[in-house]
Structure formats: C-alpha cells, structure tokens
K.L.:
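I am attaching a structure below and will ask some questions about it afterwards.
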Protein chains: 2
Amino acid sequence: MVRNPTMKDVAHEAGVSLKTVSRHVNGETNIDPDLAGRISAAIVKLGYRRNLSAASIRPGRTGKTIGLVISDLANPYYSTLARAIESVADAAGYLVTIASSEEDGRRHDRLVDRLMEQRVDGLIVVPPRRAARDWADVAAPIPPLVLLDRPVSYAGADAVLADNAGGARAATLALARAGSRRIAFVGDSLDIYTMRERHAGYAAALAEAGLGGAGDLLTITTAHTREQAEREVGAVLRDDSADALFAANNRATIGALLAFQQAGRRLPLVGFDDFETALLGDPPVSVVSQDIELMGRTAAELVLGRLNGDTSPFATRVLPTRLILRGSEKHHTCAGS
Amino acid sequence: MVRNPTMKDVAHEAGVSLKTVSRHVNGETNIDPDLAGRISAAIVKLGYRRNLSAASIRPGRTGKTIGLVISDLANPYYSTLARAIESVADAAGYLVTIASSEEDGRRHDRLVDRLMEQRVDGLIVVPPRRAARDWADVAAPIPPLVLLDRPVSYAGADAVLADNAGGARAATLALARAGSRRIAFVGDSLDIYTMRERHAGYAAALAEAGLGGAGDLLTITTAHTREQAEREVGAVLRDDSADALFAANNRATIGALLAFQQAGRRLPLVGFDDFETALLGDPPVSVVSQDIELMGRTAAELVLGRLNGDTSPFATRVLPTRLILRGSEKHHTCAGS
DNA sequence: TTGTACGCGTTATCAC
DNA sequence: GTGATAACGCGTACAA
C-alpha cells in the first residue's frame with residue numbers, strides 16, 4: 001500500500017514551502033503564477049489529495065458532514081427523507097452520514113454519540129419510540145440539532161413534524177362521510193408518537209361524527225409488520241367487527257389490501273402515507289399524503305441555517321398533510337369498475 | 001457556543017497527564033484505580049467526548065467510515081442496498097456516508113473525490129452509466145473498492161453483480177412458454193450496463209424460443225421514468241405491437257401496470273425486481289427477484305475483508321436471480337379470479 | 001504505572 | 001508574495 005502523499009511532499013516536490021501549497025490548495029489568490037504552476041504539477045505528479053480529516057481538527061474548520069439517525073433506511077419513508085436531506089446538504093457542500101436506530105433507544109444513543117465523536121456539524125434525528133436518554137442529559141456542546149417526527153422534548157432543538165392528527169382526522173371523517181359507522185384504526189403501537197397523534201385524530205373524528213363510543217373496541221395497535229396487519233384485518237373481515245378501516249401507516253395499508261385480496265372482499269379504506277402503487281388498486285387507494293421531501297428539505301435547511309449563524313428561537317415546524325381520495329374510501333357492494 | 005473539552009482539559013481537571021487520560025479512554029488496563037476514578041469523574045464533569053476526527057489522523061488510525069456512492073437513495077433498490085451495507089458496517093463498528101450520483105458522471109467523480117479526501121476506509125460504488133473518469137486514472141492510494149451492478153473495469157477492485165442476463169432470459173422464456181410470440185422489452189437506456197445485460201438475456205431467450213427476428217422492433221429503451229413507461233406500454237396496447245411484456249426494471253413494471261389499468265386490458269407480464277405490492281396485482285405480478293440485501297452484505301463484507309487484511313485476488317461475485325411466477329406471465333382472455 | 005516529547009496533516013500567525 | 005513556526009487533539013516511543 002502506498003502512503004498518501006502530504007502537503008509536505010508536494011512542497012518538497014515543487015520546491016516551495018508548506019504554506020504556499022496550502023494557499024494554492026485553498027484557492028487563495030496572492031500567489032506567484034510560476035510557483036502555482038509548479039505546485040499544480042507536483043500535485044498531479046504525486047497524486048496529492050488533501051486530507052480533510054486532518055484539516056478539520058483546526059479550530060473553525062469542520063468535516064462538513066451532517067449526521068442523520070433514522071429508524072430504518074430500508075423503509076421508503078425514511079429513504080425519501082434521507083434523500084431530500086442529502087440533496088440539500090450536498091448543495092451546501094456537506095456529506096451525510098446515515099445510521100439506522102431500528103427504533104432501539106440504546107442503539108440510537110450509541111449512534112448519536114458516535115456521530116458526535118466524529119464531530120459532525122449538525123444532527124438530524126428521529127428519536128426512537130422509547131428514548132433511553134434525554135437530550136438534556138447530553139453534555140454540551142451539542143451540534144445544531146433537528147428532531148423529526150417527534151415533538152421537541154428538548155429546548156435546544158428545532159423540530160419538523162407532519163400534522164399527523166389532522167391528517168388522520170380528515171381520513172376518518174372521509175370514511176364517515178361515505179357512510180361508514182364502525183371505522184377501525186389499524187396501526188402500530190401507540191408508544192410511537194406519530195401513532196398516538198394519528199389515533200388522537202381518528203378518535204376526534206369519530207366523536208365529531210357521532211361515532212365515539214366504539215373507538216376503543218375498534219383500535220388495533222398490533223400491526224407492527226405487514227404480515228401482522230394482514231392477519232388483524234383478516235380477523236376483522238371474518239368477525240365483521242368493522243365496516244371501514246383507517247390504516248395508520250403504509251404497512252398497515254398494504255396488509256389490509258392483502259387481507260382484502262385473500263378474503264375476496266373489501267372494506268372502505270383510507271391509508272396514512274401515499275405509496276407508489278396506490279394507483280394500481282381497484283379501486284385506487286385513498287391516502288393521507290405527507291410531503292416527505294419537504295420535511296427532509298426543511299430539516300436540512302434548519303440545520304444549515306443554524307450552521308450559518310441563524311440564532312432565532314428554536315421552533316417546531318408542523319407541515320400540512322393532504323387527503324387524496326381515489327375511491328377506496330367508499331362502499332363497494334360488489335366487484336366491478 | 002461552548003468549546004469542546006479536550007483530553008488536556010480532562011487531564012488538567014483530574015490532575016494527571018495527557019497520556020493517562022488517553023490510556024483510560026482507550027480502555028487500557030495498566031492504570032491506577034484511583035487515577036481512573038478521578039479521570040472518569042473529570043470526563044463526566046466536563047462532558048468530554050473524544051474527537052475521533054482528530055484521532056484518525058494518526059498513522060494506523062482511521063475514522064472507521066465507509067463511503068457509498070449510489071445513483072439515488074430514494075430508489076427502493078438503492079435504499080435496500082444501502083441498508084444492508086449499513087447493517088454489516090455497523091456491526092463492525094463502521095459508519096456509512098452515503099451520496100447519490102444521480103447517474104451523473106461528474107457528480108459521481110466529485111463525490112468519490114470528496115469521500116477519498118475525507119479518508120474513508122473503504123468505498124462501495126455504483127458507477128454511473130457514462131463514467132466521466134476511469135478508475136485507472138485515479139491516483140493511488142485508493143481505499144478498498146467494491147463496484148456494484150457493473151463489471152470490473154478496473155483491476156484493483158472487487159465487484160458484485162446480479163445475474164442480470166440469466167434473470168432476463170428466464171423471464172422471457174417463461175413468457176414464451178406461456179404461449180406469447182411477440183414479447184416486447186420495456187426498459188431504460190442500454191447505456192446502463194444492467195439494461196444491456198437484461199436485454200442480452202431477453203434476446204438470447206427469444207432466439208432459443210425461435211422468436212428471434214422480432215427482437216429489435218420490440219425493444220423499447222425509452223422508459224426512463226414510470227410515466228414514460230406508462231406511455232410506451234399504452235402505445236403498445238393501442239398498436240397491438242406485442243402480445244407480452246418483459247419489463248426490465250421496477251419503474252417499467254409499474255408503468256406497464258398503470259397502462260393496463262388505463263386501457264382496461266392487460267398483456268402477459270414479467271418484471272425485473274420484486275416490489276412490495278406485486279402480490280396485490282390481479283393476477284399477482286411475476287418477477288425476477290434479485291437478493292438485494294445479499295448484494296449489499298456481500299459488498300460490505302468484501303470491503304471489510306480487505307480492511308482486515310484479505311489480500312486474495314480481486315474477484316467478481318455474480319449473485320443468482322430467482323424467477324417468481326405468480327400468474328401475470330399467462331394470457332388472460334378475460335377478467336376474473 | 002506514569003509523564004515527557006514528538007509527530008500526524010493541515011491551517012494560521014507573523015515576520016521577512 | 002513567501003516561508004519558518006506554532007498550534008489543533010490525539011497516540012506513542014521512550015524515559016522516569
């Protein structure tokens with residue numbers, strides 16, 4: 001293995017001093033064209049690449065890297081988010097180091113610590129459902145921090161959230177308006193903040209529509225995976241315990257569709273989060289859509305803003321959701337277009 | 001903003017020397033319990049976090065980071081890949097810095113350079129369809145490098161590929177076996193290596209099945225997006241120019257399904273790459289499935305192996321694909337279960 | 001077992 | 001305009 005050439009090597013090769021090479025590399029202007037040429041030649045000849053890792057230890061310099069901790073990069077929701085963040089970061093000259101917490105509090109904390117030890121410039125984080133450590137217990141200095149999908153539990157961070165309750169409420173009301181009376185909530189554990197919010201919106205809509213009483217009985221929070229969602233919805237179909245479904249996330253929606261297919265029978269359905277093949281359903285699947293890219297861009301812009309000296313008070317941005325009705329929210333007595 | 005406490009601060013606070021703190025932090029054993037206690041206390045009191053970025057400039061030390069350059073993190077194929085890589089890397093104590101090249105050669109090269117300047121320990125890369133720079137022109141030393149989805153064009157790298165041609169051949173043969181005679185290829189530009197391979201497999205299958213002549217006329221390579229795929233397949237349906245489709249990637253498959261829905265009529269179809277909602281089709285969509293997670297794990301393990309001193313000859317791993325027939329490859333004269 | 005002194009690759013200060 | 005020289009935060013001979 002060849003050693004990485006250093007500035008010193010370049011300086012030696014070009015017959016100039018270290019500082020002059022540094023100037024050249026950093027694009028400073030006060031430099032003799034002749035020397036500049038010799039330095040360029042030496043850089044090419046030796047294949048010199050500057051060591052940003054070394055440069056970043058100087059005070060005021062950084063590695064221009066943003067750390068991102070999400071639940072699971074394989075989940076399209078998070079990869080879309082990550083892509084939007086990466087896009088904004090890249091435009092500002094930042095790299096993004098991404099890590100998946102798997103919704104495990106300890107793992108999450110370990111990854112956050114590692115990123116801080118790596119001295120990332122900023123941190124964008126989706127806190128796990130059960131945090132193991134409070135941000136208030138993390139020693140200063142903490143880099144600019146943006147919390148995603150969770151309310152600010154810490155005074156020193158900005159937050160970006162979708163209007164989960166509002167979206168769920170709109171979805172549930174749409175089902176009620178289409179004539180459903182026993183609307184079930186199919187989702188994941190209410191330990192998860194977004195689930196709690198979506199369930200609150202669902203419950204509020206039931207109350208508004210005068211369907212309040214049945215809410216508890218119709219709440220399913222064990223749809224942790226697509227398979228579980230499919231089983232739960234299958235049971236609902238067998239028992240006829242509900243006449244419509246609000247699927248509180250993507251996995252629940254797809255699980256429900258699989259159960260419908262299995263049973264050869266469907267219920268009115270609205271899902272939270274749009275997905276690529278929602279249009280392919282028969283009827284196409286109605287959804288509450290959140291602008292995931294906007295969430296990512298907003299988070300990245302908040303971090304970059306702080307890095308650029310923005311000292312305005314920490315704030316929470318709540319982004320609207322949009323109800324997209326495609327037909328699946330209605331009753332379909334029999335198959336057919 | 002508070003300054004980050006350094007080892008020197010901790011040493012001062014604990015009344016010991018720098019080296020002793022360094023020992024403590026690095027988990028060495030030869031250390032007086034009393035001093036160890038004082039150091040621990042000082043670390044907690046000051047909120048000391050070691051600066052791995054600084055530590056990594058020492059010879060033999062690194063930032064324990066792997067760089068990953070893909071086309072687009074928002075594409076589920078790449079996010080699945082990235083997740084698998086991240087998973088293996090994390091288990092070995094490595095972080096992953098991810099960047100999207102958007103299939104732009106210059107952008108790709110810029111990102112690779114940046115990652116090398118950041119002194120990543122290894123590099124996993126999906127070369128863009130039209131590379132702007134050859135790896136042979138990149139100055140040594142290059143960190144352990146694994147190429148994904150592309151053949152090795154460079155002697156110093158390992159590569160991981162799926163058996164694109166074999167999968168495409170199997171898909172096309174399945175369509176032929178089900179009775180189709182004019183099987184169209186719907187995909188992206190043949191500039192892309194995987195597309196070229198898939199098209200070669202398709203053409204080989206046509207020849208094998210005695211359907212060779214029509215191959216060129218039935219090759220569509222302008223399905224760059226889902227929308228374009230939908231339009232192209234719509235045209236095929238109108239013209240009746242084909243009696244079956246091999247969709248060479250996910251976007252093409254979904255575009256075709258949308259076109260089918262639009263036209264109220266479908267053709268036998270097999271797609272390349274499985275997708276979450278393939279089961280929801282009516283009939284469910286037959287696909288060639290590649291084990292994306294295995295590809296990611298393999299790539300990560302290759303890099304980590306090299307980092308651990310594996311000096312075996314550079315090699316290309318070709319991973320098998322699997323044909324999953326779910327029904328959509330057959331002719332369906334009319335709707336019905 | 002602990003401390004001193006130096007080097008890692010880079011940037012910044014300040015003379016020349 | 002250019003070049004010694006001193007940091008930056010940490011790890012490691014080597015000496016104590």
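In what follows, every chain begins at residue 1, and chains take the letters A, B, ... in the order their sequences are listed. Just the heavy atoms: all of them, side chains too, but no hydrogens, waters or symmetry mates, feed the values below.
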K.L.:
Side chain of B:M7, heavy atoms from C-beta onward: which of D:dA4, C:dG9, D:dG11 has the nearest atom to it?
P.N.:
D:dG11
K.L.:
With a 4.0 Å limit, can you tell me whether B:S22 has a side-chain N or O closer than that to the phosphate oxygens OP1/OP2 of D:dG11?
P.N.:
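Yes.
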K.L.:
Distance check: side-chain N/O of B:T6 vs OP1/OP2 of D:dG9, anything under 4.0 Å?
P.N.:
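For D:dG9, neither OP1 nor OP2 has a side-chain N or O of B:T6 closer than 4.0 Å.
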K.L.:
Are any of the side-chain nitrogens in B:R306 or B:D158 under 4.0 Å away from the carboxylate oxygens of its partner?
P.N.:
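Judged by the 4.0 Å cut-off on N to carboxylate O distance, B:R306 and B:D158 do form a salt bridge.
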K.L.:
Of the nucleotides D:dG1, C:dT4, D:dG9, which has the atom closest to the B:N51 side chain?
P.N.:
D:dG9
K.L.:
I'd like to know if B:D104 and B:R130 make a salt bridge, using a cut-off of under 4.0 Å between side-chain N and carboxylate O.
P.N.:
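Looking at B:D104 and B:R130, the cut-off is not met.
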K.L.:
Within this structure, what is the CZ-to-C1' distance between A:R61 and C:dT10, rounded to whole angstrom?
P.N.:
9 Å
K.L.:
Would you indicate what A:I31 reaches in the nucleic acid, counting non-hydrogen atoms under 4.0 angstrom: base, sugar-phosphate, or nothing?
P.N.:
sugar-phosphate
K.L.:
For a side-chain contact (heavy atoms from CB on, under 4.5 Å) with A:I31, tell me which candidate from A:V21, A:V16, A:I39 qualifies.
P.N.:
A:I39
K.L.:
When we call it a touch if two heavy atoms are under 4.0 Å apart, what does A:N26 touch: a base, just sugar-phosphate, or nothing?
P.N.:
sugar-phosphate
K.L.:
Measuring to OP1 and OP2 of D:dG11, would you say a side-chain N or O of B:R50 lies under 4.0 angstrom away?
P.N.:
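Affirmative; the distance criterion is met.
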K.L.:
In this structure, how many angstroms lie between the C1' atom of D:dC8 and the CZ atom of B:R3, rounded?
P.N.:
11 Å
K.L.:
Could you state the atom-to-atom distance from CZ of B:R58 to C1' of D:dA13 in whole Å?
P.N.:
10 Å
K.L.:
Please state how far atom NZ in A:K8 lies from atom P in C:dT10, giving the value in whole angstrom units.
P.N.:
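Roughly 11 Å, once rounded to whole Å.
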K.L.:
Suppose we call a contact any N or O donor and acceptor under 3.5 Å apart; does that hold for the side chain of A:R23 and the base of D:dT2?
P.N.:
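Counting by modelled atom types and ignoring angles, a donor-acceptor contact under 3.5 Å is found here.
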K.L.:
Starting from P on C:dT10, measure out to CG on A:L18 and report it in whole angstrom.
P.N.:
8 Å
K.L.:
Go through it in stages, so that I can follow the logic: the residues are A:R83 and B:D72, the test is salt bridge (charged side-chain N to carboxylate O under 4.0 Å, His left out), and I'd like the CA-CA distance, side-chain angles, deciding distance and then a yes or no.
P.N.:
CA-CA 7 Å; A:R83 178 65 174 101; B:D72 178 9; 2.7 Å; yes
K.L.:
Under 4.0 angstrom, heavy atoms only, what part of the nucleic acid is A:L52 near: base, sugar-phosphate, or nothing?
P.N.:
nothing
K.L.:
Is it true that B:R50 and A:E117 make a salt bridge, defined as a side-chain N closer than 4.0 Å to a carboxylate O?
P.N.:
no
K.L.:
Roughly how many Å is it from OH in B:Y48 to P in D:dG9, rounded to a whole number?
P.N.:
10 Å
K.L.:
Would you say B:T20 places a side-chain N or O within less than 4.0 Å of OP1 or OP2 belonging to C:dG3?
P.N.:
yes
K.L.:
Rounded to the nearest Å, what distance is computed from the CD atom of residue A:Q118 to the P atom of nucleotide D:dG9?
P.N.:
16 Å
K.L.:
Atom NZ of B:K19 to atom P of C:dG7: distance rounded to whole Å?
P.N.:
17 Å
K.L.:
Quick one: on DNA chain C, does B:P59 or B:G15 contact a more 5' nucleotide (nearest heavy atom)?
P.N.:
B:G15
